[in-house]
Amino acid sequence: MSEVRKEILIAKADIDKRVQELADVISRDYEGKELILIGILKGAFVFMADLIRYLRIPCQVDFVRLASYGAGTMSTGNITISKDIETSIQGRDVLVVEDILDTGLTLSSLVERLKKKDPRSLKICVFLDKKDRRKVPFEAEYVGFDIPDRFVVGYGLDFNEMYRFLPDVCVIGES
Ligand code: PRP
């Protein structure tokens, strides 16, 4: 079996600095408001855990888990939910927190679904954005890092459920 090679793309110290910057901007934008953060499991759990500890506004958290299914089905952009949010978001300020924005199919479909629950506002914060990979037009209001089209792991992101624990974002390849 070939060995998996890992190369650091974004180091822990740079991640930490950028997450603080994002939290500062979000705290300013939502000053005087109470935010509900909705994390998309599993990938977003590390980013969200760091982000909330730098926010200076009161916030609640909830999570959604999307059912995974084959590439053919994903191309329709219709997602199914395996664990829905448990908080009412009607009339509330909502920030969806995601690890990576890639084709945009997941978030565009989730946003349409959440809008039906009638939040007062709904914005998106993604840790990584692979803009070159978009299949549907989608922009997040808050972006940690724009990255090239490379397979990345770490800081919550996985390859076959491995490497989520890595503190840096790494590119992997077989050597
Ligand atoms: C990844 C990521 C996003 C989605 C982005 O999830 O966390 O949810 O893919 O892709 P898209 O923009 O092309 O729709 P994944 O299915 O790997 O699940 P995970 O979060 O449990 O790792």
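Please read all numbers here as calculations on a predicted model, not as lab measurements. Just follow the structure's listing: the first ligand is 1, and inside any ligand the first atom is 1.
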Can you list the atoms of ligand 1 that are under 4.0 Å from a heavy atom of R65? 21 (O)
A student checking ligand 1 against K42 at a 4.0 Å heavy-atom cut-off should list atoms 19 (P), 20 (O), 21 (O)
Report the part of D158 in contact with ligand 1, treating N, CA, C, O as backbone and CB onward as side chain, heavy atoms under 4.0 Å; options are side chain, backbone, both, neither. side chain
Tell me, do L95 and I36 make a side-chain contact under 4.5 Å, heavy atoms counted? no
Pull out every atom of ligand 1 sitting under 4.0 Å from any heavy atom of T103, numbered as shown with elements. 11 (P), 12 (O), 13 (O), 14 (O)
Should you measure from each heavy atom of T106, which atoms of ligand 1 turn up under 4.0 Å away? 4 (C), 8 (O), 10 (O), 11 (P), 14 (O)
If you count the atoms of ligand 1 from 1 in the order shown, which ones are under 4.0 Å from a heavy atom of D102? 10 (O), 11 (P), 12 (O), 13 (O)
Do any N/O atoms on E161 end up under 3.5 angstrom from N/O atoms on ligand 1? no
D84 bridged to K117 by N-O distance under 4.0 Å: yes
Is the closest N or O pair between L101 and ligand 1 shorter than 3.5 Å? no
Please state which part of E98 comes within less than 4.0 Å of ligand 1, counting heavy atoms only: side chain, backbone, both or neither. side chain
Considering only heavy atoms from C-beta outward, does the side chain of R92 approach that of Q60 to under 4.5 Å? yes
Can a side-chain donor-acceptor contact be found between Y54 and D16 if the only test is distance below 3.5 angstrom? yes
Minimum side-chain heavy-atom gap L128-L157 below 4.5 Å: yes
Decide whether D99 and Y155 meet the rule of one side-chain donor and one side-chain acceptor closer than 3.5 Å. no
May I ask you to identify, for I100, whether its side chain, its backbone, both or neither come under 4.0 Å of ligand 1 on a heavy-atom basis? both
Any residue meeting salt bridge (charged side-chain N to carboxylate O under 4.0 Å, His left out) with D62, in chain and number order, not counting sequence neighbours: K83
Within the structure provided, determine whether F145 and L9 are in side-chain contact (heavy-atom separation under 4.5 Å). no
Using salt bridge (charged side-chain N to carboxylate O under 4.0 Å, His left out) as the criterion, list what pairs up with E141, not counting sequence neighbours. none
If we only count N/O pairs under 3.5 Å, is G104 in contact with ligand 1? yes
Does D99 reach ligand 1, in the sense of a heavy atom lying below 4.0 Å from it? yes
Measure R134 to ligand 1 on non-hydrogen atoms and call it side chain, backbone, both or neither using the 4.0 Å cut-off. neither
